[in-house]
Protein chains: 2
Amino acid sequence: MRMSRKCDYALRSLILIGLDPHDGYHNIAEIAQAEDIPPKYLEQVLLALKNAGILSAKSGPNGGYRLQKDPAEIPVLDIVRLIDGPVAPARCVSRTAHEKCPRESICGLRPVLAEVRDAIAKILGDMTLADVCRKASAAKSG
Amino acid sequence: MRMSRKCDYALRSLILIGLDPHDGYHNIAEIAQAEDIPPKYLEQVLLALKNAGILSAKSGPNGGYRLQKDPAEIPVLDIVRLIDGPVAPARCVSRTAHEKCPRESICGLRPVLAEVRDAIAKILGDMTLADVCRKASAAKSG
DNA sequence: ATATTCCCTATATAAGTAATAGACAATAAG
DNA sequence: CTTATTGTCTATTACTTATATAGGGAATAT
């Protein structure tokens, strides 16, 4: 049931970027150092976020990444799905990557798996990047 | 966030065994065929369930496995944890395999991950093998 | 022009999952 | 007491996915 390290990298990067009050650009080297992430790996992660329209990027000196959307409009669920794929515990109950299973109609397991999927999707879907940043900010100062 | 195939095998086997009204022994070959699982792999799975005290086994002709405990006393959560390990989306919020993280106190992500863990544990913890068997049985006849 | 930074794809390495194999022990029945 | 059946246990292999590294190229600022 675990989230990948890659996804953790993505979320932590987004929090760091989202916490910047000036909405400036943050480059790979900076984020990699701050969050202790292998830079070339982080590159792939940020690129994916950029290609998904969550970050925008600028090349050249003082370039880097910044948020493309309002953090309040970015559910954590979107990031998890983007990086890790479906949140459902099994393909047979996945909304985003459903795979038909011949046992579907007689499977006693399906309902409980669907319930798990719904719970995860609800929690991660309701929580936005803005929320997460707020928590992080509060924890730092408080 | 996905459950392994191995765990799926375990749960399906338990449902098959739990559905037997006579509480008789079910051998590997039989279950493997009924559920379309590689027999030698299933062997490992059933052995783990037996060593965990969920199944009991008998060697020899007409031997096999049967439930050791009342299915109403077997939460699905126990099986998932046994086969797949912690259900938490990250080690830093795991109850069964907690790993300390230096960022713990300032991490904005932790609360939401903990919430996900709690939701999964609640759903899988409340649902017993008996419940799942009941659903399977209803689906078959209805 | 040049230095900086992102873009993209390919490849390597490590870890985890799934499956196979085989020698051994227990049990039941002839 | 021999044989067939079935579980026990550990090792090994194959496969898949996750993680990380590498490097040539394009965009941008000075």
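Just so it is clear: chains get the letters A, B, ... in the order the sequence lines come, proteins before strands, and each one is counted from 1.
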Between [X] and [Y] (salt bridge meaning N to carboxylate O under 4.0 Å), is one present in this structure?
X      : Y      : answer
B:D84  : B:R2   : no
A:K122 : A:D118 : no
B:D131 : B:R134 : yes
A:D8   : A:R12  : yes

Rounding to an integer number of Å, can you tell me how far [X] [atom1] sits from [N] [atom2]?
X     : N      : atom1 : atom2 : result
B:R12 : C:dA18 : CZ    : P     : 12 Å
B:Y9  : C:dT17 : OH    : C1'   : 11 Å
A:M3  : D:dT19 : CE    : C1'   : 15 Å
B:I83 : C:dG16 : CD1   : C1'   : 15 Å
A:K6  : D:dT21 : NZ    : C1'   : 14 Å

At less than 4.0 Å, is any side-chain N or O atom of [X] found next to OP1 or OP2 of [N]? Yes or no.
X     : N      : answer
A:S4  : D:dT19 : yes
A:R5  : D:dA20 : yes
A:Y41 : D:dA18 : no

Response to the item:
Readout for nucleotides 1-8 of chain C: B = base within 4.0 Å of protein heavy atom, S = sugar-phosphate only, - = neither; 5' to 3' it is ---BBSBB
Discussion item. Any heavy-atom pair between the side chains of A:R103 and B:D36 that's under 4.5 Å?
Written reply: yes
Worksheet item: Given side chains that start at C-beta, do those of A:P89 and B:M1 come closer than 4.5 Å, heavy atoms only?
Response: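 A side-chain contact under 4.5 Å is absent here.
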Worksheet item: If you look at every strand shown and take non-hydrogen atoms under 4.0 Å, does A:Y25 touch a base, only sugar-phosphate, or nothing?
Response: nothing
